[in-house]
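Written below as structure tokens is the structure these notes are about.
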Protein chains: 2
Amino acid sequence: MSPKSEEQFEAIRQERKESLKVSALKLFANKGFKATSVMDIAKDAGVSKGLLYNYYANKDELVKELIITGIEKIMGDMNMDFSQKLTKESFTRMIEINFNLIRENSDYWKLYISVLTQPTVTKLVSQEIFEILAPFFMAVTGYYQEKGVKNPMAYAYLLGAIFDGVGIDYIFAGEQYPLQEIKNIIIEKFV
Amino acid sequence: MSPKSEEQFEAIRQERKESLKVSALKLFANKGFKATSVMDIAKDAGVSKGLLYNYYANKDELVKELIITGIEKIMGDMNMDFSQKLTKESFTRMIEINFNLIRENSDYWKLYISVLTQPTVTKLVSQEIFEILAPFFMAVTGYYQEKGVKNPMAYAYLLGAIFDGVGIDYIFAGEQYPLQEIKNIIIEKFV
DNA sequence: CTTTGTTGACCAAACGTTCAGTCAAAAAAT
DNA sequence: ATTTTTTGACTGAACGTTTGGTCAACAAAG
């Protein structure tokens, strides 16, 4: 019936979409959303400008998908079980994994931070980000509640802010930034 | 010799430049550098596009001046005397002033953060920012050295990261963000 | 008149987006 | 085997806008 099987076409499409996403992530993270043109992305992925519009309705939808799958990936890598309470050990492990992510997955971090900053992009995804991060936030709050601190929610907010701040400064300062030492201080003070 | 005294002209020029800076700051902070057009700025300031180029060589120079005078203003408002050692009291006061700045001067913060993020803009001012922040960083490091912690420099970096992270999250979350409570935790843990 | 602030029409370049048309590959027909 | 037909991924020229930046001309004021 058809010249190629649907599975073959699907495979080709997934490959191309992935290739476009890889290029777009790299460029958005290192040049910024507005500063990256659709042509830049297509060139980097080795395809024509038109093909990008076969796979994504527009530039906005592309960045939206990038951010959401990015955060989901990071949350997945963090490998936390939100259904049960955090222990000292799992909490420490979570912090350590997060610091590894900052170093190893810095492009995702750059994109995520630039989203928090650039209001044009924020509008597109703020609700989704909030929903994805909610369980994480709840778990951390629960941990501090258990610990009996005065203001568990503020602690959770603060920890999130620290991750954001360390990430942004690491991006800015580069390899010389003392990630290890800072991680140790945080574990000492906040576990 | 001149139809108006040089002082009069200078006053007019300073007024216009200031007006353009106010508009540019507002728009850069809330729309982003790339997303804000020169026309946007001129309209907001109530002047023509051409006049902007009478006062600033180009868009880059405008944002550069904004960022540098902005950080200098914040550092000035922080009112720290770097020539002498920080005490528990002055250190606490510094943290409190910084938190006030986050709330009261959020446009400067947004711009500063977006600079750290957007590589196009970063290149323009990274050296200057580094130089302006250096004394602050040294003083904080000295404080922790005096305190006898294991890694004073890492503490200074961490405190800087916390300011950045709290600032960015406050911008993102808005008025509901528990700035006060977080400030108290920081003072409790880091003074 | 001279000087200086100010304007807005103007420009080339770059932008996101569209779409008529091309092409290799596979199925169907011969 | 060979030819024909059908498919959908893929291209790139073209479109309408918008951009950062220029400049000749004008306004205002001594």
Side-chain angles (χ1 to χ4, degrees), chain A residues 1-25 27-28 30-66 118-121 123-124, chain B residues 1-25 27-28 30-66 118-121 123-124:
Chain A
M1 262 293 148
S2 59
K4 269 188 190 170
S5 74
E6 186 52 38
E7 294 87 36
Q8 281 177 300
F9 278 130
E10 185 58 25
I12 289 173
R13 284 195 296 258
Q14 285 307 318
E15 208 172 295
R16 278 279 184 259
K17 283 192 83 169
E18 186 59 29
S19 160
L20 282 165
K21 274 168 75 172
V22 168
S23 293
L25 172 62
L27 291 166
F28 284 157
N30 291 298
K31 292 182 63 174
F33 176 68
K34 269 275 178 183
T36 301
S37 72
V38 173
M39 195 44 161
D40 288 338
I41 299 167
K43 258 192 187 147
D44 190 274
V47 298
S48 72
K49 214 168 27 154
L51 188 61
L52 190 147
Y53 284 90
N54 258 8
Y55 293 117
Y56 299 96
N58 48 45
K59 212 182 157 190
D60 284 356
E61 206 192 68
L62 173 53
V63 78
K64 189 171 169 174
E65 183 161 329
L66 265 181
Q118 254 186 318
T120 321
V121 191
K123 297 283 172 72
L124 298 170
Chain B
M1 267 299 128
S2 44
K4 268 188 189 171
S5 73
E6 186 51 38
E7 295 85 36
Q8 281 177 300
F9 278 130
E10 186 59 24
I12 290 175
R13 284 195 295 257
Q14 286 307 319
E15 208 172 294
R16 278 275 185 258
K17 285 192 80 169
E18 186 58 28
S19 160
L20 282 164
K21 275 167 73 172
V22 168
S23 293
L25 173 63
L27 291 166
F28 285 156
N30 291 298
K31 291 182 62 176
F33 176 68
K34 270 271 177 184
T36 301
S37 71
V38 174
M39 199 36 164
D40 287 338
I41 301 166
K43 257 193 187 144
D44 191 274
V47 299
S48 70
K49 195 165 56 146
L51 190 60
L52 189 147
Y53 284 92
N54 218 22
Y55 292 117
Y56 298 97
N58 48 46
K59 211 183 158 188
D60 284 356
E61 206 191 66
L62 173 54
V63 76
K64 188 171 170 175
E65 183 161 329
L66 265 182
Q118 253 187 321
T120 321
V121 192
K123 298 283 171 72
L124 299 171

(request) Grab the CZ-P distance between Arg13(A) and dG8(D) for me, whole Å please. (result) 9 Å
(request) Mind listing the closest non-hydrogen atom pair of Lys59(B) and Phe28(B) along with its distance? (result) CE-CE2, 4.1 Å
(message) Does this structure show an ion pair linking Lys64(B) with Glu61(B), if we count only N-O contacts that are shorter than 4.0 Å?
(response) no
(request) Whole angstrom is fine here: how far is it from CD1 in Ile12(A) over to P in dA25(C)? (result) 10 Å
(message) In whole Å, I'd like the distance from the CG atom of Leu51(B) to the P atom of dT22(D).
(response) 14 Å
(request) Report the nucleotide, chosen from dC10(D), dG8(C), dT17(C), that has the shortest atom-to-atom distance to any side-chain atom of Ser48(B). (result) dG8(C)
(request) Quick one: label Asn54(B) by what it contacts on the DNA or RNA (base, sugar-phosphate, nothing), any heavy atom closer than 4.0 Å. (result) base
(request) State, with a plain yes or no, whether a side-chain heavy atom of Leu62(A) is found less than 4.5 Å away from one of Tyr55(A). (result) no
(request) In whole angstrom, give the distance that lies between atom CG of Leu52(B) and atom P of dG5(C). (result) 15 Å
(request) Compare the minimum distances between each of dT6(C), dT17(C), dA9(D) and the side chain of Tyr53(A), then state the nucleotide with the smallest one. (result) dT17(C)
(message) Rounded to whole Å, how long is the line connecting atom CZ of Phe33(B) with atom P of dT19(D)?
(response) 13 Å
(request) Choose from dG16(C), dC10(D), dT7(C) the nucleotide whose nearest atom is closest to any side-chain atom of Lys59(A). (result) dG16(C)
(message) Pairing donors with acceptors under 3.5 angstrom, does anything connect the side chains of Glu18(A) and Gln14(A)?
(response) no
(message) More than 12 heavy atoms of other residues, nucleotides or ligands under 6.0 Å from NZ of Lys21(B): yes or no?
(response) yes
(message) Under 4.0 Å, heavy atoms only, any strand: does Tyr55(A) hit a base, just the sugar-phosphate, or nothing?
(response) sugar-phosphate
(request) Name every residue in residues 35-47 of chain B that has at least one heavy atom under 4.0 Å from any atom of DNA chain D, in order of residue number, or write none if there are no such residues. (result) Thr36(B), Ser37(B), Val38(B)
(request) Determine yes or no for a side-chain-to-main-chain donor-acceptor pair under 3.5 angstrom, with Ser19(B) supplying the side chain and Glu15(B) the backbone. (result) no
(request) Would you kindly check if the NZ (Lys) or CZ (Arg) of Lys17(A) is within the cone defined by 45 degrees around the ring axis of Tyr56(A) and under 6.0 Å from the six-membered ring centre? (result) yes
(request) Would you mind reading off the distance between Lys17(B) atom NZ and dG5(C) atom P, rounded to a whole angstrom? (result) 12 Å
